*Asks:* 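Below you'll find the structure I mean.
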Amino acid sequence: MAEGNHPVTEKDSHGLIQDMNKDLDNDLKNIKPKKYVDGWSEDNWEQEMQEHPAFRTEPLDDTSELPPWIEALRQLKYNYKENTAEELALNYKVDGNENFQLKKYHWAVKSYTEGLKQRCSNTELNTQLLTNRAAANFHIGNYRSSFNDAEAAMKLNPNHMKALVRGAQCCWKLERFKDCVVWCDRGLKLEPGNQTLLELRRKANIEQKVVERNKRKAVLEEKEKLKVDEKLIKAIQERGIKLSTKFDNTKTCSIETMSFLQPVHPAAASSKVHQDEHGALLWPVLFLYPEYSESDFIEAFHEDSRFADHLEVMFGSSDVHPPWDVEKKYLPSDIEIYFEDIKKSTHCKVDTSHTLRKVLSDSRYYITAGNPTFLLMVRNSSFHKKFIQSELNE
């Protein structure tokens, strides 16, 4: 036997084991205990259970970040390399159904949409994805999108009752009552006793009759309005009254210029020239008092009324005098009235004994912004003198 290769006796082996045990005991004694921070504790065990797939009782929040283990499973579930198009579409359908049951309709729509994007060849599966998405869209009020999905499902399967019922319901919500009846009839051919479609058809039929009646009424009202407008235009034309339109154009009254008879002044916005039962014109007239930046609006100035008559009513009594005329100098006998001659950019004096019809028929007068407008001031007042002077200078 070579030197150094002595055989190990049983006694030596026993001593070696004892030495190893002593070393292990010493190592264990020298290890300092540390708190395990990554596991479950009394403080976090409920949260850990909620995040664990085996114990979770609540659905994931829409905005929460997916736990790593869920994200890993998700990647595996939706990996296009690991799944066929049909398998992916089915996975998305299952997810959509789960979200639908949890009333997470927006998530359901997204899931069904992803399923349809796979473009699998399974017609039945695609029809289900469309009808399910139609249901989810319906629940969040997207009735037009819901109808489009129901219509697309019908192209894949013309006898699909869920799609027929959903399409009819969407038509009702969109107030397409005539179409609603058509969809109901299609479904009732397949299921004559379908109570949902029978009731929906009954209600839609009633509403459609109301719609048609309202349309007829609107047509008649439009015809009557046209007759009134034509009669009004004829009366204005017969009096030789002219209009001032936009861009300083002047025209006679016609259907095309009717819009320029609509007053734009806030006080006269709800009024418009019209005829009484005798055919006389009643105009919304605006009186302006430039000295005080005040105005008066006469809602229906009868064309055969004199200006003097209105002045008497407005200023003939101290009891009805306007509060801004503190000096009470606006007296019927002292008031002068003017209108603008837009062609010459000057003002013309109105004879207060004249009627409104006579003044509006003046060749120099053009009605602007839908209501006749006149300036009123006190004769020989300082303001009136300045006004006259400015007219002369021009």
Side-chain angles (χ1 to χ4, degrees), residues 236 239-244 248 250 260-274 276 280-394:
I236 294 174
R239 290 157 175 76
I241 298 173
K242 301 173 292 299
L243 307 179
S244 174
D248 295 329
T250 55
F260 296 107
L261 286 174
Q262 178 61 50
V264 296
H265 191 279
S270 61
S271 302
K272 187 177 179 181
V273 59
H274 59 281
D276 64 12
L281 295 177
L282 291 91
W283 291 90
V285 174
L286 196 63
F287 282 177
L288 301 178
Y289 308 95
E291 183 178 1
Y292 294 97
S293 299
E294 295 287 345
S295 64
D296 272 325
F297 171 60
I298 303 173
E299 186 174 355
F301 195 134
H302 195 289
E303 64 176 351
D304 293 327
S305 295
R306 302 184 311 157
F307 281 86
D309 297 331
H310 280 277
L311 293 179
E312 189 63 34
V313 173
M314 298 168 68
F315 301 100
S317 171
S318 59
D319 295 335
V320 294
H321 228 64
W324 47 264
D325 183 18
V326 178
E327 301 175 28
K328 296 187 177 180
K329 60 183 180 180
Y330 275 76
L331 301 175
S333 58
D334 294 335
I335 295 176
E336 288 199 351
I337 303 178
Y338 296 86
F339 68 80
E340 183 181 9
D341 180 350
I342 62 173
K343 290 290 187 180
K344 296 182 179 180
S345 297
T346 186
H347 289 82
C348 306
K349 184 179 177 181
V350 174
D351 187 334
T352 58
S353 67
H354 287 171
T355 63
L356 179 62
R357 182 201 293 238
K358 186 174 180 68
V359 175
L360 295 184
S361 299
D362 190 305
S363 61
R364 298 168 296 176
Y365 196 93
Y366 290 87
I367 294 177
T368 304
N371 52 274
T373 303
F374 299 92
L375 301 179
L376 281 73
M377 57 194 75
V378 177
R379 185 186 304 110
N380 293 327
S381 66
S382 58
F383 184 89
H384 180 244
K385 290 177 181 178
K386 290 179 182 179
F387 173 78
I388 296 298
Q389 188 62 42
S390 65
E391 289 288 309
L392 293 174
N393 291 337
E394 291 181 2

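Predicted model only: the values in this text are computed from it and were never measured. The chain is numbered in sequence order, starting from 1.
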*Asks:* Taking atom NZ of Lys386 as the centre, does the number of heavy atoms from other residues, nucleotides or ligands within less than 6.0 Å exceed 12?
*Replies:* no
*Asks:* Please set out all donor-acceptor pairs under 3.5 angstrom arising from side-chain atoms of residues 294-301, sequence neighbours excluded.
*Replies:*
unit_1: Asp296; atom_1: OD2; unit_2: Tyr289; atom_2: OH; d: 2.7

*Asks:* Can you find a heavy atom in the side chain of Ile335 that is under 4.5 Å from one in the side chain of Thr352?
*Replies:* no
*Asks:* Using side-chain heavy atoms (C-beta onward) and a distance below 4.5 Å, is Lys358 in contact with Asp351?
*Replies:* no
*Asks:* Give the minimum heavy-atom separation between Asn380 and His384, together with the two atoms involved.
*Replies:* N-ND1, 3.0 Å
*Asks:* Report the C-alpha separation of Trp283 and Val273 in whole Å, then their side-chain angles, then the decisive distance to 0.1 Å, and conclude whether the side chain to side chain contact (heavy atoms under 4.5 Å, CB included) test is met.
*Replies:* CA-CA 5 Å; Trp283 291 90; Val273 59; 3.5 Å; yes
*Asks:* Does Pro372 reach the side chain of Tyr365, with side-chain heavy atoms less than 4.5 Å apart?
*Replies:* yes
*Asks:* Taking ring-ring contact (aromatic ring centres under 6.0 Å, His included) as the test, write out the residues that go with Tyr338, two or more places apart.
*Replies:* Phe387
*Asks:* Could you tell me whether the side chain of Leu375 reaches within less than 4.5 Å of the side chain of His347, counting heavy atoms only?
*Replies:* yes
*Asks:* Do Ile337 and Leu311 touch side chain to side chain, with heavy atoms closer than 4.5 Å?
*Replies:* yes
*Asks:* In the structure I gave you, are the side-chain heavy atoms of His302 and Asp276 within less than 4.5 Å of one another anywhere?
*Replies:* yes
*Asks:* Restricting to non-hydrogen atoms, name the atom on Pro322 and the atom on Met314 that form the minimum distance, rounded to 0.1 Å.
*Replies:* CD-O, 4.4 Å
*Asks:* Is the number of heavy atoms from other residues, nucleotides or ligands under 6.0 Å of Lys272 NZ greater than 12?
*Replies:* yes
*Asks:* For the pair Glu391 and Lys349, find out whether any cationic side-chain nitrogen is under 4.0 Å from an anionic carboxylate oxygen.
*Replies:* no
*Asks:* How far apart are the closest heavy atoms of Pro284 and Ser271, and which atoms are they?
*Replies:* CB-CB, 4.0 Å
*Asks:* Relative to each other, are the rings of Phe287 and Phe307 parallel, tilted or perpendicular (30° and 60° limits)?
*Replies:* parallel
*Asks:* Are side-chain heavy atoms of Thr373 and Phe339 found at a separation under 4.5 Å?
*Replies:* no
*Asks:* Which residues pass the salt bridge (charged side-chain N to carboxylate O under 4.0 Å, His left out) test with Asp309, sequence neighbours left out?
*Replies:* Arg306
*Asks:* With side chain to side chain contact (heavy atoms under 4.5 Å, CB included) as the criterion, how do Ile236 and Leu261 come out once you've worked through the C-alpha distance, each side chain's angles and the decisive distance to 0.1 Å?
*Replies:* CA-CA 11 Å; Ile236 294 174; Leu261 286 174; 3.8 Å; yes
